[in-house]
Amino acid sequence: MLQEQTLSVSDLTATIRGILERDSRLQDVWVQGEISNFRKVASGHLYFTLKDGKSALSCVMWKSTAARMHTLPRDGDSVLAHGHVSVYDPQGAYQLYADRIRPVGVGDLYAQFEQLKSRLDAEGLFDSARKRAFPQYPRIIGVVTSADAAAFQDVRNVLMRRFPLVQVILSPTLVQGADAPPQIVRALARLNDRDDIDVILVCRGGGSIEDLWAFNDETVARAIAGSRFPVISGVGHETDFTICDFVADMRAPTPSAAAEILTPDIAELRAGVAWLNGRLRGAALDYADSRRDKIERARRALSAASPAATVRLFRQRLDDGAARLTADQRRRIALWHERVGARTDALHAASPAAILARGYVMVTDSDTGARVTAAADAPRHLTLQFHDGARRADLHDLPAFSSNIDAKDDERRDS
Amino acid sequence: MTPDAIITLPFEAAYTSLQEIIELLESGEPTLEESVALFERGRLLGAHCQRLLDQAELRVTQLNERENERD
């Protein structure tokens with residue numbers, strides 16, 4: 001049991017650090033006090049103690065954060081330090097790990113800042129849903145800044161280098177001092193009176209917190225929130241945050257950075273256009289190729305489905321048929337030839353000329369042309385038709401009529 | 001869109017149109033006749049984009065501080 005209640009020093013220290021680090025009040029805290037024992041060590045870290053009448057607090061600011069401080073505090077300064085509380089194990093000492101140090105006078109400004117910030121935040125002015133997108137290729141950028149400021153020159157240089165297609169309309173204004181906020185509001189209004197603005201860039205170069213104070217003005221913040229056109233802010237340096245940054249549609253760390261964020265790089269655009277031109281040609285060629293392929297495929301399919309083969313087949317059948325038909329015909333014609341020949345012979349045999357040639361004579365009346373077929377009717381003048389010609393004959397009655405052939409032969413011989 | 005109309009297009013519109021035309025062509029949907037017209041338009045748009053970039057010169061104008069003042 002004794003064993004269970006015993007903690008190592010490290011365990012205890014870790015427990016204490018856990019308690020401190022879980023307390024959100026100690027993790028995001030502003031502490032007011034007087035600086036003492038301030039020292040910057042070789043590593044670049046800052047060590048100091050914050051005191052008031054009764055207590056002292058060890059503080060450390062790491063080199064990375066310290067590098068961003070414009071001016072270093074000195075012993076005796078009244079300051080507001082912001083940071084989180086934790087434990088330095090080797091010494092069992094709790095300390096403030098500071099990330100910001102402000103003189104107390106400015107601390108009042110910061111109190112105002114925080115107050116305004118939380119008020120506008122509560123109103124919803126910082127809502128991400130309110131943030132508008134910027135056009136990818138702005139045509140006209142309205143710039144709200146001082147015409148003489150280095151910030152404006154920086155913006156011009158960036159735009160000239162990156163995206164000279166854009167037109168810049170400067171709405172000039174003071175950017176610091178008591179007159180700056182109303183002037184900034186009017187400069188925004190002048191741009192909002194136009195119809196051709198794509199985006200507004202509100203910017204100012206780096207300076208002290210007092211220098212940048214115009215951009216923590218509530219009227220300026222509301223003018224930005226009420227802008228018809230999206231607004232990008234680029235105020236001060238990377239570490240400076242203003243109310244304008246929160247209310248703008250986007251915050252850029254510097255004016256130059258804002259100009260870069262707003263614009264595409266012309267070198268990339270050139271490459272993009274060249275790429276698109278190539279892609280266009282490629283698309284056109286692909287299109288042509290795909291159509292050619294389609295046609296080729298269709299042609300192949302067509303020839304596969306073509307009736308040419310069928311036609312060839314039928315033509316062959318026709319040829320076969322024709323051959324068969326011709327043979328049939330030949331046979332038939334030959335048959336008919338034979339038949340006709342036979343009939344013709346019969347016909348010839350039966351013809352009067354053939355009969356005459358065999359020695360018969362056809363007898364007609366020379367006067368009337370009538371055929372004489374009976375001896376009894378025979379006239380005196382006769383025409384005898386031989387197979388090779390006709391002769392005239394006069395009839396002299398024979399003593400006796402004979403009907404036999406010999407008699408006829410004799411008769412012919414006589415005539 | 002006629003060649004004359006293309007010349008008046010701002011960069012973004014021309015660039016976007018070119019992208020759309022390419023996508024259409026790549027889809028293979030247009031008829032041959034349409035695709036020829038699309039290609040020709042794309043070619044003009046591409047040349048126009050190129051010309052805009054080559055001829056670009058940053059223009060800076062300054063509004064009069066007294067202009068449109070409201071107090």
Side-chain angles (χ1 to χ4, degrees), chain A residues 135-144 147 152 155-174 182-183 185-187 189-194 198 264 266-267 269-270 272-291 294, chain B residues 1-3 5-71:
Chain A
Q136 200 180 355
Y137 308 104
R139 268 172 284 174
I140 301 183
I141 298 180
V143 180
V144 174
F152 183 54
V155 166
R156 279 180 69 151
N157 289 342
V158 170
L159 295 179
M160 224 175 292
R161 170 170 56 78
R162 278 179 69 86
F163 194 59
L165 283 175
V166 83
Q167 188 188 344
V168 174
I169 295 182
L170 173 67
S171 192
T173 174
L174 280 177
Q183 281 205 15
V185 170
R186 277 199 299 273
R190 283 197 296 272
L191 291 174
N192 269 272
D193 282 342
R194 301 176 64 102
D198 289 316
I266 195 164
L269 289 182
R270 275 187 219 286
V273 169
W275 179 69
L276 281 188
N277 279 335
R279 216 176 119 197
L280 175 70
R281 269 186 288 277
L285 288 177
D286 287 351
Y287 183 93
D289 282 349
S290 81
R291 286 302 185 273
K294 263 188 196 165
Chain B
M1 185 175 298
T2 65
I6 286 176
I7 284 169
T8 62
L9 280 182
F11 182 84
E12 181 177 17
Y15 196 84
T16 312
S17 289
L18 178 55
Q19 280 176 314
E20 285 166 359
I21 281 178
I22 289 169
E23 274 156 29
L24 251 177
L25 274 176
E26 285 175 344
S27 77
E29 278 164 22
T31 65
L32 183 63
E33 207 168 26
E34 287 165 346
S35 80
V36 169
L38 282 172
F39 175 73
E40 181 54 19
R41 216 178 111 200
R43 211 180 51 73
L44 292 173
L45 285 166
H48 178 57
C49 286
Q50 195 79 52
R51 200 165 41 241
L52 282 178
L53 293 178
D54 291 344
Q55 295 174 351
E57 205 173 312
L58 187 69
R59 280 179 299 156
V60 179
T61 54
Q62 184 170 338
L63 296 182
N64 188 330
E65 285 179 59
R66 299 278 147 218
E67 202 179 306
N68 303 333
E69 273 199 13
R70 3 160 122 158
D71 259 312

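Model, not experiment: these values are computed from the prediction. Chain letters run A, B, ... following the sequence lines, proteins first and then strands; every chain starts at 1.
Looking at B:E57, the atoms closer than 4.5 Å to chain A (heavy atoms on both sides) all sit in the backbone: N, CA, C or O. Looking at A:A187, neither its backbone nor its side chain comes within 4.5 Å of chain B, counting heavy atoms on both sides.
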*Can you check side-chain contact (heavy atoms from CB on, under 4.5 Å) on B:D54 and A:R270, steps first, answer last?*
CA-CA 9 Å; B:D54 291 344; A:R270 275 187 219 286; 2.6 Å; yes
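For the pair A:L159 and B:L58, the tightest heavy-atom approach, listed with the atom from each and the gap, is CB-CD1, 3.9 Å. Of all the heavy atoms in B:L25 and A:A284, the pair that sits closest is CD1-N, 4.4 Å.
Pairs passing the salt bridge (Lys or Arg N to Asp or Glu O under 4.0 Å) check and including a residue from residues 274-291 of chain A, sequence neighbours excluded, read A:R279-B:E26, A:D289-A:R292.
Take B:R43 and apply the side-chain hydrogen bond (donor to acceptor under 3.5 Å, both in side chains) test, not counting sequence neighbours, and it matches B:E40. For A:Y287, the ring pair (Phe, Tyr, Trp, His ring centres under 6.0 Å) criterion is met by no residue, not counting sequence neighbours.
For the atom pair B:Y15 OH and A:L269 CG, the distance stands at 6.5 Å (nearest 0.5 Å). Atom-to-atom distance recorded for A:N277:CG and B:I22:CD1 is 7.5 Å, nearest 0.5 angstrom. To the nearest 0.5 Å, the span separating SG on B:C49 from CG on A:L165 amounts to 9.5 Å.
Contact check for A:L191 versus B:L63: side-chain heavy atoms found under the 4.5 Å cut-off.
Atom CZ of A:R139 sits in a sparse spot, with 12 or fewer heavy atoms from other residues, nucleotides or ligands closer than 6.0 Å.
Contact count versus chain A (heavy atoms, under 4.5 Å) is highest, among B:L24, B:I21, B:L53, for B:L53. In terms of non-hydrogen atom pairs under 4.5 Å with chain B, the most contact-rich of A:A283, A:A288, A:P172, A:P264 is A:P172.
Along residues 32-39 of chain B, the residues that come nearer than 4.5 angstrom to chain A, judged on non-hydrogen atoms, are B:L32, B:S35, B:F39 in order of number.
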